[in-house]
Amino acid sequence: MESTVTETRNLKHKKWLPLLIWFLAAFFFFYEFLLQNSTSVLGSYMTDAFHINATQLGLLTMSYFVTYSAVQIPAGMLLDRFGPRKLLTMAAGLCGFGTLLMAVATRYDVVLGARMFTGFGSGFAMLGALVLTANWFSSRRFALLHGLTLTIGISGAVFGSAPLGFVLKHTSWRSTLTFLGIIGIVLMLTIW
């Protein structure tokens, strides 16, 4: 009798597990989109803090996208080889640590490197979510979950602009980046 109750609990637990796993991947995609768009709001703070010009700010913004783009094909091959759990854990950690490094940096070259770490980690978010969706759900649900993942992810772009600007009016940019970095570390631990 007791084993039947345990099996029933395990089945109920297993029904929610795929949704939880998918949501974590979708939230990571949201998080990376938020980080991706954060420099649009942080730009003036960065130019003041690091005494950089518009060209250097453009390079800082571009460094994320160049790294993000460059990692797309290797990310797909690595996800196929090593699986999404390890790589999404590593990727969320890179985003979190890169953002924390940006928060404490005192030199432009350090911020530039930290932004590249963040771009590298972010390159795994959408692909990882697609792999997890394919692994944990039937093909009938793939299009729906892919669309929901995109919706959640692109919402991060919204939060990376006006809402982030609102937060920056009430706290320092370093505190805001520290908080965003901590979110990445918590996400890394949760994905693991």
Side-chain angles (χ1 to χ4, degrees), residues 16-43 60-72 75-76 78-79 83-103 114-137 141-171 173 175-192:
W16 289 101
L17 186 60
L19 285 174
L20 175 64
I21 289 169
W22 166 80
F23 180 76
L24 284 173
F27 183 75
F28 179 38
F29 190 46
F30 169 90
Y31 176 69
E32 77 89 0
F33 246 99
L34 188 149
L35 295 177
Q36 184 181 111
N37 289 299
S38 64
T39 52
S40 65
V41 178
L42 291 168
L60 181 66
T61 302
M62 183 189 75
S63 66
Y64 176 97
F65 292 105
V66 168
T67 311
Y68 180 92
S69 299
V71 78
Q72 291 301 297
L78 291 168
L79 283 162
R85 180 180 176 210
K86 292 175 186 173
L87 290 170
L88 288 181
T89 300
M90 178 269 316
L94 278 174
C95 289
F97 286 119
T99 305
L100 285 172
L101 186 57
M102 283 181 69
R115 190 73 176 150
M116 292 175 80
F117 281 146
T118 305
F120 186 88
S122 294
F124 289 84
M126 183 60 190
L127 293 173
L130 291 175
V131 170
L132 285 171
T133 302
N135 289 349
W136 284 85
F137 293 92
R141 300 278 183 230
F142 186 81
L144 171 66
L145 290 170
H146 177 64
L148 287 171
T149 303
L150 285 173
T151 302
I152 290 169
I154 292 170
S155 302
V158 173
F159 281 88
S161 54
L164 185 61
F166 176 79
V167 170
L168 286 168
K169 288 183 181 182
H170 299 288
T171 185
W173 69 271
S175 298
T176 303
L177 283 178
T178 300
F179 177 71
L180 291 175
I182 291 169
I183 289 174
I185 301 306
V186 169
L187 188 57
M188 174 191 74
L189 296 172
T190 307
I191 290 171
W192 182 254

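Here S175 pairs with T171, S172 under the side-chain contact (heavy atoms from CB on, under 4.5 Å) rule; sequence neighbours left out.
Considering all non-hydrogen atoms of both residues, C95 and G121 come closest at SG-C, 3.7 Å. Closest approach of N37 to A157, counting heavy atoms only: ND2-CB, 3.0 Å. In this structure, P84 and G128 approach most closely via the heavy-atom pair CB-O, 4.3 Å. In this structure, Y68 and Q72 approach most closely via the heavy-atom pair O-NE2, 3.1 Å. A pairwise comparison of heavy atoms in L87 and L79 identifies CD1-N, 3.4 Å as the closest pair.
Remark: the Y64 side chain and the T39 side chain contain no N/O donor-acceptor pair separated by less than 3.5 Å.
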Show me the donor-acceptor pairs within less than 3.5 Å that the side chains of residues 177-192 make with the rest of the protein, sequence neighbours left out.
unit_1 : atom_1 : unit_2 : atom_2 : d
T178   : OG1    : R174   : O      : 2.8
T190   : OG1    : V186   : O      : 2.7

Return all side-chain donor-acceptor pairs below 3.5 angstrom for residues 144-151, not counting sequence neighbours, or 'none' if the list is empty.
unit_1 : atom_1 : unit_2 : atom_2 : d
T149   : OG1    : W22    : NE1    : 2.8
T149   : OG1    : L145   : O      : 2.7
T151   : OG1    : G147   : O      : 2.9

task: Verify side chain to side chain contact (heavy atoms under 4.5 Å, CB included) between L132 and L88, making sure each step is shown before the conclusion.
output: CA-CA 10 Å; L132 285 171; L88 288 181; 3.6 Å; yes

task: Show your working on ring pair (Phe, Tyr, Trp, His ring centres under 6.0 Å) between F33 and F30 and close with a plain yes or no.
output: CA-CA 5 Å; F33 246 99; F30 169 90; 9.2 Å; no

field: Test log, rule ring pair (Phe, Tyr, Trp, His ring centres under 6.0 Å), inputs F28 and F124
entry: CA-CA 9 Å; F28 179 38; F124 289 84; 8.7 Å; no

- request: Might you work through the side chain to side chain contact (heavy atoms under 4.5 Å, CB included) test for F117 and T99, ending with a clear yes or no?
  value: CA-CA 9 Å; F117 281 146; T99 305; over 6 Å; no

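Atoms CE and OG, on M116 and S122 in that order, are 13.0 Å from each other to the nearest 0.5 Å. Taken from CZ in R115 to CG in L60, the straight-line distance is 6.5 Å, to the nearest 0.5 Å. Rounding to the nearest 0.5 Å gives a distance of 9.0 Å between OG1 of T67 and CZ of F120. To the nearest 0.5 Å, the span separating CG on L34 from CZ on F159 amounts to 8.5 Å. How far CG of N135 is from CD1 of I21: 9.5 Å, rounded to the nearest 0.5 Å.
Taking the side chain as every heavy atom from C-beta outward, F29 and E32 approach each other to under 4.5 Å. Looking at W136 and L19, their side chains never come closer than 4.5 Å, going by heavy atoms from C-beta outward.
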